[in-house]
Amino acid sequence: LAGLCYLNVRLIYASLTRDAAQRAALSASLHWRWRPLLLIGIILLLLVAVPVLNLLVPALMCTAVAQLAFRDNLSRLSA
């Protein structure tokens with residue numbers, strides 16, 4: 001179940017990359033970003049169980065993953 005949570009968030013994270021240079025950097029960033037991605041997936045899984053909050057899960061997931069990808073891009077640009 002935790003693997004599905006991680007995979008769901010990772011697929012959205014991978015879809016944020018647009019060109020080949022970003023895709024090459026994606027494999028390197030996913031090596032050390034698996035913990036935050038897993039944590040986001042598990043938190044969203046818990047929110048699905050709450051009747052009214054489950055309506056917000058798609059927006060929260062996309063926002064959290066986009067923020068994580070934005071932080072990765074900033075750290076690559078500053079390095």
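- Taken together through direct or relayed side-chain contacts under 4.5 Å among Ile, Leu, Val, Met, Phe, Trp and Tyr, M61 and V50 form part of one hydrophobic cluster.
- Distance check, rounded to the nearest 0.5 Å: CG of L39 to CH2 of W34 gives 10.5 Å.
- Atom CG of L38 sits about 10.0 Å away from atom CD1 of I43, to the nearest 0.5 Å.
- In this structure, L68 CG and T63 OG1 are separated by 12.5 Å, a value rounded to the nearest 0.5 Å.
- Under the 4.5 Å side-chain heavy-atom criterion for Ile, Leu, Val, Met, Phe, Trp and Tyr, L37 and V48 are members of the same hydrophobic cluster.
- Linking ILVMFWY side-chain heavy atoms closer than 4.5 Å, directly or via other members, places I40 and L56 in a single hydrophobic cluster.
- Hydrophobic clustering (side-chain heavy atoms under 4.5 Å, transitive across Ile, Leu, Val, Met, Phe, Trp, Tyr) groups V57 together with L53.
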